[in-house]
Amino acid sequence: YQMFEAEIEQHRAMGAVFPIAFLAIAVLTILTTMTRMVNNQRIQIGTLKSIGFRDRQILFHYVSYGLWLSLLGAVSGTLIGPLILPQIFFNMNKSMYVIPEWKAAIAPSIIVMAVVAVVLCTLAALLPCRAVLKETAAQALRPKPPRAMRRNRLEKTALWQRLGFNAQWNLRDITRHKLRSIMALVGVAGCTMLLVCAFGLLDSIEDMTTWQYGEIYRFETKLMLAEDISAEQLQDLEDKYHAAPILESTVEIKAGSIKETGALLVSDDTELIHYTDANRRHINLPDEGVAISYKMAKTLGVDVGDTITWHIFGSNEWFKTEITAIHRTPSGQGLAISSSVFAELGVEMRPTAALTAMKVDDVDISANASNHAGTGASAGTGASADAGASADAGASADAPTAITAALSADALIDSYQEFSKLMKIITAVLIFGAVVLALVVLYNLGVLSFVERQRELATLKVLGFRTRKIRSLLISQNFWLTGVGIIVGVPLGYLLIGFIMGTLPESLDIMVAVELLTIMISAVGTFAVSFLVSLMFSQKVQTLDMVGSLKGVD
């Protein structure tokens, strides 16, 4: 029940991330699209105002674009989403849980989210319209005049004179249209953030596997032992496979008023388990007291030197023990105790598994059982037939039950890969959102920038600037903003990964691990999308109407 509840909490927390990301995409898309539309239809707005339409009527007309489209999208998403998306997660969870019926329900939060989306998208459509409606009909009928420029402090320095025309022109345009530049930065930073988060999640899952089965656990096979294994059988396994017995169980831990359920691991000092501290440095189990996992210590609010009370499930005997060390592990949060300390508590050490550096499979186990059976039969030949039969039966009954299963490290790593399937789905969703965000926002802003600067671009063409040179001006500005957006987006991606990792179940403690290659791929991907968008809108320079762009403003 606690595992299933943790799964619900994890999905609920992730459900708080994706609506924000995609709502930002929707709002930015509508905001940039409506800004471009209103600027393109200034003459229509001026005409409507001049023939007697009220500002309220015109405003409702343009706001209705955001209202009806967002309403249609919200209703469609509310109805279609629960039918399609849950099936993806159900297929993964069916391998872990068995419940009577797998079906999705429309929670009240979905309705609230749909209403919020419609309201925000409508407000995004409202903002660009209000600026134009403040103008008179005569002003709206004329092309939008360029903003008056004032020389800033940079232009008064000697550095400004050393800058080329390309840099001067783009810097002036960025400072003149601050809102448009900020929106472009937000779009690029959001794209980079989602890409870093998407690929960084995969890096973190891979790092978790390496940490668990490369740094902490160094065995090749985990032999699962029978509950009734005898001391002779255990000793035989230790001698044959050089195995290290361990005890794994579940405990309930109390610290003050906080009570948590965790894992218990009892082991000897062995090279097959290397415990690590919070910085993943090797530590040994303490000779006194217990070692508590890093995440469990944070959950309980305890530290080295504090005392906790705990008991093993199935036993009513509680122990009060001092914490003498804190170890960090990606899974199995709880307590780790040495065999000697466990014996001092007066509890019998009954191993549940044995670790070995040898590769053991079911064939080896069956062969070992057959050898035991043969040995028992030979031992009975010197006695009566009944005694021999009894020895044979005892050997064949005991030997197969000593080991119930042999789990290879590769098989355990493969089981970890099941968890990565969820992250791969999240990765695909984040990459899709990143590309959509960058394409839509940057393209709309690029076209808006072209429309606002038609007069300037036409002036450059009249002065003799070639189309290739003018396109390079537009593309270079987009690259500047993209570079700054990437610098901002990378740390935001780290923070988003950390937030998602914080939503994982209490049994998992995954560190954020983002490879340099991931950052490079995210940056190159963002630049590629930005360059593609720049090529798309900069082609409009070839069809620029110089006569129409230069007249009508004075």
Side-chain angles (χ1 to χ4, degrees), residues 17-18 21-22 24-29 31-33 36 166-167 169-171 173-174 177 180-204 206 423-451 453 467-497 500 513-542:
V17 176
F18 291 107
F22 284 96
I25 295 175
V27 171
L28 281 175
T29 300
L31 183 60
T32 54
T33 303
R36 180 162 64 93
N166 191 327
W169 193 77
N170 282 317
L171 285 174
D173 185 73
I174 291 174
H177 301 93
R180 189 184 70 209
S181 301
I182 291 174
M183 290 171 61
L185 288 176
V186 171
V188 173
C191 175
T192 306
M193 177 187 69
L194 294 179
L195 289 178
V196 170
C197 180
F199 295 114
L201 286 174
L202 297 181
D203 289 343
S204 299
E206 185 67 26
M423 293 305 175
K424 289 179 180 178
I425 294 175
I426 295 175
T427 298
V429 173
L430 290 175
I431 292 175
F432 173 77
V435 174
V436 170
L437 175 63
L439 282 176
V440 174
V441 173
L442 291 181
Y443 180 78
N444 279 333
L445 290 175
V447 174
L448 177 62
S449 173
F450 176 81
V451 172
R453 294 185 290 179
T467 301
R468 181 183 301 176
K469 176 63 176 178
I470 298 175
R471 291 185 66 181
S472 70
L473 289 174
L474 298 175
I475 293 175
S476 61
Q477 182 182 137
N478 216 24
F479 271 21
W480 290 5
L481 296 174
T482 301
V484 177
I486 289 175
I487 295 174
V488 176
V490 169
L492 292 179
Y494 271 88
L495 294 177
L496 184 56
I497 296 175
I500 293 178
V514 181
E515 301 290 337
L516 179 61
L517 180 61
T518 294
I519 298 177
M520 294 175 62
I521 292 175
S522 302
V524 171
T526 305
F527 265 115
V529 174
S530 176
F531 181 70
L532 176 63
V533 172
S534 300
L535 290 180
M536 292 169 61
F537 74 78
S538 64
Q539 289 180 350
K540 295 180 176 293
V541 177
Q542 299 177 350

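This one's a predicted model, so the numbers in the text were calculated from it and none came from an experiment. Just so it is clear, the values below take in all heavy atoms, side chains as well, and ignore hydrogens, waters and symmetry mates. Here, residue 1 is the first one in the sequence, and each next residue gets the next number.
At a threshold of 4.5 Å between non-hydrogen side-chain atoms, the residues Thr192 and Val490 count as touching. Phe199 places none of its side-chain heavy atoms less than 4.5 Å from the side chain of Val514. Between Val488 and Leu185 there is no side-chain heavy-atom pair separated by less than 4.5 Å. Here the side chains of Leu194 and Leu496 are in contact, with some heavy-atom distance below 4.5 Å. Side-chain atoms of Leu171 and Trp480, non-hydrogen and from C-beta on, do get closer than 4.5 Å to each other. By the 4.5 Å heavy-atom criterion applied to side chains, Val188 and Ser530 are not counted as neighbours.
Atom OG of Ser472 sits about 12.0 Å away from atom CD of Gln477, to the nearest 0.5 Å. Separation of atoms CD1 (Ile174) and CD1 (Ile182) is listed at 11.5 Å; rounding is to 0.5 Å.
Taking all atoms of both residues into account, the shortest heavy-atom contact from Gly200 to Thr518 is N-CG2, 3.8 Å. Across all their heavy atoms, Ser204 and Ile497 have their closest contact at OG-CG2, 4.2 Å. Across all their heavy atoms, Asp203 and Glu515 have their closest contact at OD2-N, 3.2 Å. Counting all heavy atoms, side chain and backbone alike, Ile475 lies closest to Ser534 at CG1-CB, 3.7 Å. Of all heavy-atom pairs spanning Leu481 and Ala184, the tightest one is CD1-CB, 3.9 Å. Between Pro491 and Ile487 the shortest heavy-atom distance is CD-O, 3.1 Å.
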For this session: Give the intermediate values and the outcome of side-chain contact (heavy atoms from CB on, under 4.5 Å) for residues Leu535 and Arg471.
Result: CA-CA 8 Å; Leu535 290 180; Arg471 291 185 66 181; 3.7 Å; yes
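Ring geometry for Phe479 against Phe527 counts as perpendicular: the plane angle is over 60°, on a 0 to 90° scale with 30° as the lower cut.
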